Amino acid sequence: MTALSYVSGPSEEPLLGLTIGQALARAAETWPNRPALISPSHGVHWTWREFRARARNLASGLLALGLTRGERIGCWSLNRPEWALTQFAAAEAGLVFVTLNPAYRLHELQYALTKVGCAALVTATSFKTSDFIGMVNALAPELAQSRPGALKADGLPDLRMVIQIGETAPGALAFEAVAKGAPDQFAALDALAPELQFDDPANIQFTSGTTGSPKGVTLSHHNILNNGYFTGRAMRLAPEDRICIPVPLYHCFGMVMGNLAAVTLGSAMVYPGEGFDPLATLKTVESERCTALYGVPTMFIAELDHPEFERFDLSSLRTGIMAGAPCPIAVMRKVVERMHMRDVTIAYGMTETSPVSFQSGLEDTMERRVTTIGRVHPHVEVKIVDKEGRVVPRGTPGELCTRGYSVMSGYWGEAEKTRECKDAAGWMHTGDLAVIDAEGYGNIVGRIKDMVIRGGENLYPREIEEFLFKHPKVQDVQVFGVADARYGEELCAWVRVRPGETLTAEEVRGFCQGQIAHNKIPRYVEFVAEFPMTVTGKAQKFLMRAAVEERLGLRKAETA
Ligand code: AMP
């Protein structure tokens, strides 16, 4: 019988049966004096003992504000120490931690907060051109007049409190003050700890799927803590390791593969800056003697291409992860040779599966490590199926499906949409096309879903199309990805203008400005009379893509 594309990851190591709070307590007991969090630009150097004490203080402060088990707390900020504190404090206080993309603008923020009914929002004040508190005020103009902690806003009906990092706008609570803690709540925290269960929801992350509006992926302590742990184990992370995390914390790459790998293995989380900056990343690796470095392919490309690259001593690096988008083989080779990351791994996964389900291991040959996504993760099952749902022979492409401890419970409040991708047998249908070879190594060969990955960030054409449809001069629009040597893909919009109207690319982009995240604004906007369609009326985006790539001479790099 021919071998089929089904793999299940063996492990001598059992799953962790802990809540995130218990994992943090264990870290503080086991590695009290080892570094937990290092953020040079914020002057932070905290040990695990200190980090846990701070997280507990913040958790007590959140309870004192009247937040109760199971309520949702949003976090809207770039990578800052307060972000990590809120992540762990929310878990200790039994709250569901809702991560919000700092690139969100009004429409997206309002949608996300309302969708999952956030009772509290921790927000940064501003970063570069992003005026976070200004946008909160725009959605909830009642804030300035309200007593801190007692907000009632028509636009954000569930939100009771805004906790602001840095400054304190009228009506907001100061993060610093809440983080000082409420000693009279420690007994309540201690009583709560044994009540919390590792299967409780701990985290909601937004992902858009192919259906337009973002959906809240609901993940338990068990889902994400174990995934962080096994991702770290694949790199053999130990308490001596220092993980440089330039990837965003709001995404699973930062918060699970970074923060939760660290807390389960005692390694240090090192934040090179709030937003990604190749120079700051290189500097931080050198000055903090980081041993691991994470990044989506675009970040590694930016670091390697930086004019000052040669100036830095990166010899402390040993391992790391490239993930989030197809990983160019040539870039992987450079990471090994020029950044000394001899034990670098590639990981593959998606938010709905905590995220990682494939990762290369240190025992794999260098060739396999740079050209494949490795093998299935411990305790996880993967099968590759054809259009009828039948498992295909090894070496045949099909849709990758994942099952195991790592699969989300579902999309928050979207039972129907959950059923569309998670079947009765527990398989998550990823929408990614993959191949598994005779020895179990995987390759991602394409996507079924209509998704564009620009610099490791997933962009959903449908969501952008729906937004562009709001423009009064737009008759019809198709958004698709085109190859880009730097970002992997860039967005292109083909627009059909209403009869008798004229429209320019600048007008279209101007319409998006401030309303949707900047990376969702199409780089190319072109005007066409019609779209290539199938007889059944489905727009053929692959033809549009090919036409634009050919005309503009766009090419992508070869990937794992
Ligand atoms: P996210 O939910 O943001 O983690 O994005 C998940 C999607 O990113 C997957 O469904 C894949 O399409 C893509 N992806 C993640 N890792 C890889 C990888 N190593 N190679 C190719 N595509 C990847």
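These values consider heavy atoms only, across backbone and side chains, with no hydrogens, waters or symmetry-generated copies. All figures in this text were calculated on a predicted structure; none of them were measured in a lab. Ligands are counted one by one from 1 in listed order, and the atoms in each one are counted from 1 as well.
- Considering only heavy atoms from C-beta on, M255 comes within 4.5 Å of N203 through its side chain.
- If you number the atoms of ligand 1 from 1 as listed, the ones under 4.0 Å from a heavy atom of D432 come out as 9 (C), 10 (O), 11 (C), 12 (O).
- Shown here for C421 and M408, the closest heavy-atom pair between the two residues is SG-CE, 4.1 Å.
- Put simply, no part of T207 is less than 4.0 Å from ligand 1, judged by heavy atoms.
- For ligand 1, the atoms sitting less than 4.0 Å from at least one non-hydrogen atom of I444 are 20 (N), 21 (C), numbered in the order shown with element in parentheses.
- The ligand atoms of ligand 1 that sit less than 4.0 angstrom from a heavy atom of M350 are 2 (O), 4 (O), 6 (C), 10 (O).
- Partners of R509 according to the side-chain contact (heavy atoms from CB on, under 4.5 Å) rule, which considers only residues two or more places apart in sequence or in another chain, are A505, E506, I521, V525.
- Heavy-atom separations between A325 and ligand 1 include at least one value shorter than 4.0 Å.
- The side chain of I453, and not its backbone, has at least one atom closer than 4.0 Å to an atom of ligand 1 (non-hydrogen atoms only; side chain from C-beta on).
- When ring centroids are compared, F97 and W83 come within the 6.0 Å threshold.
- Within the 4.0 Å heavy-atom criterion, the part of N458 lying near ligand 1 is the side chain and not the backbone.
- A donor-acceptor contact under 3.5 angstrom links the side chains of T291 and D241, judged on distance only.
- Closest to atom 19 (N) of ligand 1, if we only count protein heavy atoms, is A347 O, 2.9 Å.
- Of the protein's heavy atoms, P326 N, 3.3 Å lies nearest to atom 21 (C) of ligand 1.
- Against a heavy-atom cut-off of under 4.0 Å, T351 is close to the following atoms of ligand 1: 1 (P), 2 (O), 3 (O), 4 (O).
- Remark: E550 CD is loosely packed, at most 12 non-hydrogen atoms of other residues, nucleotides or ligands lying under 6.0 Å away.
- Side-chain polar atoms of T264 and R233 form no donor-acceptor pair below 3.5 angstrom.
- Near H251, the atoms of ligand 1 lying under 4.0 angstrom from a non-hydrogen atom of the residue are 1 (P), 3 (O), 4 (O).
- At least one heavy atom of G349 sits closer than 4.0 Å to an atom of ligand 1.
- In terms of protein heavy-atom proximity, atom 8 (O) of ligand 1 is nearest to G324 O, 3.6 Å.
- Scanning all heavy atoms of the two residues, the minimum distance from V452 to E490 falls at CG1-O, 4.5 Å.
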With a 3.5 Å cut-off and sequence neighbours excluded, list the donor-acceptor pairs that the side chains of residues 379-386 form with protein atoms.
from: H379; atom 1: NE2; to: E13; atom 2: O; distance (Å): 2.7
from: E381; atom 1: OE1; to: Y6; atom 2: OH; distance (Å): 2.4
from: E381; atom 1: OE1; to: R403; atom 2: NH2; distance (Å): 3.1
from: E381; atom 1: OE2; to: R403; atom 2: NE; distance (Å): 2.8
from: E381; atom 1: OE2; to: R403; atom 2: NH2; distance (Å): 3.4
from: D386; atom 1: OD1; to: E388; atom 2: N; distance (Å): 2.9
from: D386; atom 1: OD1; to: G389; atom 2: N; distance (Å): 3.1
from: D386; atom 1: OD1; to: R390; atom 2: N; distance (Å): 2.9
from: D386; atom 1: OD2; to: R390; atom 2: NE; distance (Å): 3.0
from: D386; atom 1: OD2; to: R390; atom 2: NH2; distance (Å): 3.2

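- Interface atoms of ligand 1 facing M451, defined by a heavy-atom separation under 4.0 Å, are 7 (C), 12 (O).
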